[in-house]
Chemist: 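One structure follows; several queries about it will come next.
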Amino acid sequence: MITLTELTDLAESQPTHRILKPWWDCLMEYLVIIMLMVSLLAATLLISKDKVVCLPCDHTVVAPNSTTSSARAQSHNQPLPPKPEAPQVSAGREGPGEAATAKPTVSQRHRTTVEARRQHNTAAHITNLDPQQYVYISQVCYQKALPWYSKYFPYVALVHTIILMFSGNFWFKFPKTSSKVEHFVSILGKCFESPWTTKAVTETANEDSENSQNRNKMLKSIVAEAPSAEKDSIGPPITTTTSCPEVTFELPVTGSTSMNILDKQDGEQAKALFEKVRKFRAHTEDGDMIYKFYVGQTVVKTVKFLFILSYTFTFVNSINFKHICRPKIENVTGYSVFYCTHSMAHMLQKLLISYIILIALYGLVCLYTLFWLFRGCLKEYSFEKVREESNFSDIPDVKNDFAFLLHMVDQYDQLYSKRFAIFLSEGCESKLLEMNLNHEWTYEKLRQHVSKNVQGKLELQLFMLSGIPKAVFDMTDLEVLKLELIPDVKLPAKMSQMVCLKELYLYHCPARVDQIAFNFLRDHLHILHVKFTDIGEIPLWVYSLKNLIELHLSGNLNSETNKAIGLESLKELRHLRVLTLKSNLSKIPTNVMELAAHLSKLVIQNDGTKLLVLNNLKKLANLGELELQNCELERIPHAIFSLTNLHELDLKSNNIRSIEEIVSFQHIKRLFSLKLWHNSISTIPATIGLIKSLEKLFLSNNKLESLPSALFTLRKLRHLDLSHNLLTTVPSDIQQLANLQIFSITKNRVETLSVHLFDCLKMKTLQLGQNSIVFIPAEIGQLKQLSYLELKGNNLERLPPEIGACASLRKNNLIVDELLFDRLPIEVQDQLAEQDFSSAV
């Protein structure tokens, strides 16, 4: 017995992909079910009642006369029927002699003929066969005389019906397509029932009503003011326009806040749905396998329909009630011809007619399906109507299998596609993420992430969020805002409250800004950092920040597709003083030269791309700092020597091998910092002594083996970095650098130190690590201002006790092996520790 619970479970387990079945598929399923019932009924009747009944007959008999009957009886060794008696004639009218020759009358002849026929017929149906012979004859004639279609039509129809049933659902069963279908149906159902869908649709309706009300109010006000305006106006109306690119204007929202209230769990589920839809779209738009399978199975069903009709009409006439059987078994029965009747003929004819009607209807539906498939392009699906009816104008059109599935859903109910489209909109996803973001990132939580940077400014860094929390704009004391890897950045009018904000970072954050926020940034923002992948990602409103002082751009500025864009609007930044370009430039953009009059610092970090054209550097006459890093330079560019106001030059990480041109630096009277580090310089020319104004010299990470004595004639030198070279000794001429405060010779090959090194009494930082030094002279105690000493990585066995005389040296700033420190006298150790403690207090 089947319980009610099992029936309920069976009903609930019906395939959920019914929403992908259009009306013609459903109709074909019903037709197939009816055909299945017809074929099963016919098969059941054939199994239970199908038979033929046969009687022998002789088709050689032409007339029913006695001679023929006698011959037939003799041929079959059967007794002849008795002859009919002659009719008696009345004795009154004829004599006995006349009886033999008298002719019968017409009525007598008629009676005689009728009687003869009656006797003949009676004799023809008497076969005298045994019942077993009749059964045998019926079985033989069933196989011999009955056409195959009468015997096998129900089974053939059953097989065809099963094939049609399988063909109608093949794309639901094939693994390559069924997985996509099941996934799509699952996502579609969740999107349809998601609370976020209802809220998005509700807000769309509210915004439409609010916009219509606002338009009506504006029209009424215009109509009301029109007469007075016509009276007061003399000339044509004046229209004002703004030339600020990519500045959006937002209307104040006064309507329902239903979108701002959503359960956290529902919000997370909607967020997961957006991600699933995105991945499913990328997966299904790669191919059109589902579409091809559906078209293929429809073609198969159509061909099958034509085949069934063609052979059915051919054999339909073979189903008859009467059949003539010639089994060639005269030796068994004595007869050669039998007359048979098929008991199921009439029923099979009716069932066959019903089957043909069903097949014809099925074929018409198949033809309509083919017409629908090839009438339009089902590999593309447009949400144009949805975009017009809603405020989500960014819903993208889809293609391939994704489009075909949506077309199939539309045949079931278009509401599914409309509600599903919400999860394709990036704007809708942004609203959801924004709402969840504001719920998670409260003012208190943001305040915990605020810190002070190196410059002592209050800084907030937001990394990989879905947007900017609204609470950020309530931090009126914030000075630096860093936004990194945030896909949708909107700077609203509320940003004007951040009166202390002076520095903004936009790292891979294409930002949109409100008009009020733009006006605020234009007047208050001084430093802007933008990191991008392509130059097109730079917000165009950046070039309109007229009060900007520093602009730092990091990304691909050498893209061929964006040459037209370039940095054409830099000329608007009249207050710009510092420009940093981290890119792969082959030449300095000509638009940079438009800043020549007021640019004081230019930094180009070229990521290993060779910088070829440098002659236009001469135009930057007021340039004070220049950095050309990683530009694959082989020599110092001659254009640099024309920058008479230059005071800092950094040529880090190039391929400079010779610096013979360094003599030309004597014409740059203000140059005090020269950085030639991370190059391939092997020798320093003696002409370096001509740069009398030099105070900082960086020659680390080169291939220097010796130092010229002219180097030590630079009496103003305060910072000398010679680390990571091949030096073996420190010349005694170093004592001439009386103003030297920072000296680094880390990671060289120095074995002994000259005592004259410690005659530089203004020394504050001394880095001698990673060498082969075996002894530290006691004269180190003369460096009263020494505050940092690095000795680790040498061959020292002990430290001189005089190191305690370095009054400014602390234990934490003494970089040395612990074993060597422990070998110092206890009083020296205590002295260094006390200095460390007093500085901490």
Side-chain angles (χ1 to χ4, degrees), residues 14-33 35 159-189 191 276-310 359 361-384 386 395-414 416-417 420-421 423-424:
Q14 292 298 318
T16 56
H17 52 247
R18 63 183 179 275
I19 60 177
L20 293 179
K21 284 185 173 292
W23 65 266
W24 52 80
D25 276 350
C26 296
L27 179 58
M28 283 191 284
E29 278 195 357
Y30 296 143
L31 292 174
V32 167
I33 292 174
M35 284 189 284
V159 172
H160 286 319
T161 304
I162 293 174
I163 293 175
L164 291 176
M165 183 180 295
F166 180 75
S167 300
N169 294 280
F170 186 72
W171 66 307
F172 292 126
K173 306 299 181 183
F174 188 69
K176 293 293 184 180
T177 58
S178 62
S179 59
K180 294 181 180 180
V181 169
E182 292 174 2
H183 196 188
F184 175 75
V185 172
S186 174
I187 294 176
L188 189 66
C191 293
K276 287 182 179 179
V277 170
R278 187 184 300 110
K279 292 182 178 179
F280 179 78
R281 178 190 172 192
H283 180 56
T284 52
E285 282 191 325
D286 289 341
D288 56 352
M289 182 176 292
I290 298 178
Y291 173 77
K292 289 180 179 178
F293 267 94
Y294 189 82
V295 172
Q297 75 176 26
T298 305
V299 172
V300 168
K301 289 188 291 185
T302 306
V303 172
K304 189 72 175 176
F305 141 74
L306 295 174
F307 173 73
I308 293 173
L309 279 188
S310 62
I359 283 292
L361 292 175
Y362 189 90
L364 291 176
V365 177
C366 286
L367 294 176
Y368 176 81
T369 305
L370 288 177
F371 170 74
W372 179 77
L373 286 172
F374 298 108
R375 178 184 60 182
C377 182
L378 299 183
K379 292 184 180 181
E380 296 179 359
Y381 189 92
S382 175
F383 288 98
E384 184 177 357
V386 181
I395 300 176
D397 295 337
V398 295
K399 59 182 180 179
N400 288 338
D401 280 342
F402 199 10
F404 176 69
L405 291 173
L406 289 174
H407 280 294
M408 297 295 282
V409 169
D410 281 347
Q411 299 301 319
Y412 182 80
D413 191 350
Q414 292 186 354
Y416 277 90
S417 298
F420 184 72
F423 288 87
L424 292 171

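Because only heavy atoms are used, hydrogens play no part in the values below, and waters and symmetry mates are left out as well, while side chains stay in.
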Chemist: Under 4.5 Å between any side-chain heavy atoms of Tyr416 and Leu188, yes or no?
Modeler: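 Result yes, sub-4.5 Å side-chain heavy-atom pair found.
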Chemist: Does any part of the side chain of Leu364, heavy atoms only, come nearer than 4.5 Å to the side chain of Phe305, both counted from C-beta?
Modeler: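 No. Closest side-chain heavy atoms not under 4.5 Å.
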Chemist: Do Leu20 and Phe184 come within less than 4.5 Å of each other through their side chains, counting heavy atoms only?
Modeler: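 They are in contact (side-chain heavy atoms under 4.5 Å apart), so the answer is yes.
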Chemist: Are the side chains of Leu424 and Phe402 in contact, using a 4.5 Å heavy-atom criterion?
Modeler: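 They are in side-chain contact.
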Chemist: Hey, can you tell me if Phe280 and His183 have their rings parallel, tilted or perpendicular (30° and 60° cut-offs)?
Modeler: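 The arrangement is perpendicular - the two ring planes meet at more than 60°.
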Chemist: Give the minimum heavy-atom separation between Ser382 and Asp397, together with the two atoms involved.
Modeler: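 Closest approach of Ser382 to Asp397: CA-OD1, 3.2 Å.
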Chemist: Give the intermediate values and the outcome of side chain to side chain contact (heavy atoms under 4.5 Å, CB included) for residues Ile187 and Cys191.
Modeler: CA-CA 6 Å; Ile187 294 176; Cys191 293; 3.8 Å; yes
Chemist: Is there a side-chain contact between Met35 and Val32 (heavy atoms, below 4.5 Å)?
Modeler: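 SC-SC contact between Met35 and Val32 confirmed.
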Chemist: Could you work out, with side chain to side chain donor-acceptor pair (under 3.5 Å) as the rule, every residue matching Glu29, not counting sequence neighbours?
Modeler: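 Counting only residues at least two positions away or on another chain, Glu29 forms a side chain to side chain donor-acceptor pair (under 3.5 Å) with Lys21.
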Chemist: What do you reckon, is NZ of Lys276 surrounded by more than 12 foreign heavy atoms closer than 6.0 Å?
Modeler: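 No, NZ of Lys276 has 12 or fewer neighbouring heavy atoms, counting only those of other groups under 6.0 Å.
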Chemist: Does atom CZ of Phe371 have more than 12 heavy-atom neighbours from other groups under 6.0 Å away?
Modeler: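 Counting other residues, nucleotides and ligands, CZ of Phe371 stays at 12 neighbours or fewer.
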Chemist: One pair to check against side chain to side chain contact (heavy atoms under 4.5 Å, CB included): Thr369 and Met28. What are the steps and the verdict?
Modeler: CA-CA 11 Å; Thr369 305; Met28 283 191 284; 4.0 Å; yes
Chemist: Looking at Tyr368, I want to see if its OH is surrounded by more than 12 non-hydrogen atoms of other residues, nucleotides or ligands under 6.0 Å.
Modeler: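 Yes, the 6.0 Å shell around OH holds more than 12 heavy atoms from other groups.
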Chemist: Taking side chain to side chain donor-acceptor pair (under 3.5 Å) as the test, write out the residues that go with His407, two or more places apart.
Modeler: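 His407: no side chain to side chain donor-acceptor pair (under 3.5 Å) contacts found.
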Chemist: Just so I know, are the side chains of Leu361 and Val365 near enough to count as touching, which here means a heavy-atom distance under 4.5 Å?
Modeler: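 Not in contact.
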Chemist: Under 3.5 Å, side chain of Asp401 to main-chain N/O of Met289, donor-acceptor pair present?
Modeler: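 Yes, Asp401 side chain to Met289 backbone: donor-acceptor pair under 3.5 Å.
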